[in-house]
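Both ligands and their constituent atoms are indexed starting at 1 by order of listing.
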Amino acid sequence: MTKKRIQFLINPISGGKSKKGFERLARKYLNDDLFEASFKITERAQHASELTKIAIQEQVDLVVAVGGDGTINEIAKELLNTPTPLAIVPEGSGNGLARYLGISSDVSQAIAKINKGHIITIDSGLVNGKAFFNVAGMGFDALISDRFAENMTRGPVGYLKIVLKEISRYKPQEYTICIDGNEIQREAFMISIANSPQYGNNAYIAPGASVDDGLLDVCIIKQFPLIQFPVMIYHLFSRTAHQSDYVEIIKGKQITIERPQRGPVHLDGEPFTLDKKLSIEVLPSSLNVVC
Ligand SMILES: Nc1ncnc2c1ncn2[C@@H]1O[C@H](COP(=O)(O)OP(=O)(O)OP(=O)(O)O)[C@@H](O)[C@H]1O
């Protein structure tokens with residue numbers, strides 16, 4: 001039997017965790033009767049995309065993201081609408097998509113899934129032509145991703161520190177939102193567009209979202225009094241965000257959002273600056289994932 005060629009792409013900084021022993025550990029658990037493995041370490045942002053393009057040219061059978069949602073994004077956007085599946089070894093700070101897909105952060109268990117080779121097809125989303133697979137967002141959400149990217153302390157503690165610093169001075173923005181032809185105006189603290197239910201670390205912004213329903217969940221979070229912050233956090237972690245008076249969730253396929261000016265948007269936690277008008281759409285069944 002010909003062995004499948006598998007390309008591991010390792011983000012050395014994701015999750016603030018050293019991956020020095022990763023290759024040895026992965027080789028220990030990977031079934032070498034089935035796979036011929038190659039390992040590459042990313043050297044900078046977007047390098048995982050470049051390496052994925054090369055893997056596709058070399059007709060590799062499977063590309064593995066060893067990192068968090070940002071690493072997955074860089075790899076998956078190249079695998080989008082190709083037959084080549086993505087596999088994930090969760091090594092990020094939040095691991096939103098991997099947690100939703102039930103992929104363990106334990107390397108032996110994540111590799112066991114690869115050995116089994118069960119593949120599903122999931123939806124993805126586009127914001128002004130840029131792909132996301134977990135959650136995209138604007139407003140406070142995007143500002144935090146921006147700050148987090150510059151931050152030296154990765155992981156949930158670093159994230160929380162930035163949130164606490166920025167939250168008291170953040171001003172909500174006016175948005176005109178059109179979801180499948182229905183236009184609404186909202187003043188919002190932030191808007192998240194969810195393909196899968198959670199940001200990461202089991203913080204569920206869209207408890208009813210599903211990666212294979214052909215829909216995106218538009219989560220509009222209104223400005224809330226600071227004293228309500230612990231209650232908002234409780235809603236996120238108890239999967240009850242939809243029950244909060246400050247959260248409105250509308251499902252849709254074609255979405256446009258217009259804001260006062262060009263500004264930050266995050267795609268799977270990675271910061272970008274995009275136009276004031278955002279065209280968002282779901283790409284149903286567009287990515288194969290081992291899980
Ligand atoms: N060698 C490198 N040096 C610096 N940055 C890198 C390197 N390789 C990849 N990156 C960047 O690291 C960033 C963070 O990766 P990733 O999102 O996977 O981890 P995380 O933020 O810790 O996890 P999560 O997104 O699950 O919260 C990405 O923006 C990626 O482009």
Check whether any N or O atom of [X], backbone or side chain, sits under 3.5 Å from an N or O atom of ligand 1, and answer yes or no.
X   : answer
I13 : no
G96 : no
G67 : no
S14 : no

Which ligand 1 atoms does [X] reach within 4.0 Å, using its non-hydrogen atoms?
X    : result
P12  : 1 (N), 8 (N)
G94  : 24 (P), 26 (O), 27 (O)
T71  : 15 (O), 16 (P), 17 (O), 18 (O)
E270 : 17 (O), 28 (C), 29 (O)

Nearest-0.5 Å distance that lies between atom CD1 in I162 and atom CD1 in I144: 6.5 Å
Spatial distance of atom CD (E74) from atom CD (E270) [nearest 0.5 Å]: 6.5 Å
Residue-ligand contact G200/ligand 1, heavy atom below 4.0 Å: no
Near-ring test Y170/F189, centroid separation under 6.0 angstrom: yes
Residue pair K19 / E91, side-chain heavy-atom distance below 4.5 Å: yes
pair I220-Y175: side-chain heavy atoms closer than 4.5 Å: no
Side-chain ion pair, D275 and R262, N-O less than 4.0 Å: yes
Contact partition for N11 relative to ligand 1, non-hydrogen atoms under 4.0 Å: side chain
Parallel, tilted or perpendicular: rings of F224 and F229 (30°, 60°): parallel
Candidate with minimal heavy-atom separation from atom 30 (C) of ligand 1, of H47, H266, Q46, E74: E74
Stepwise salt bridge (Lys or Arg N to Asp or Glu O under 4.0 Å) test for E166 and R147: CA-CA 9 Å; E166 298 292 340; R147 298 282 188 276; 3.2 Å; yes
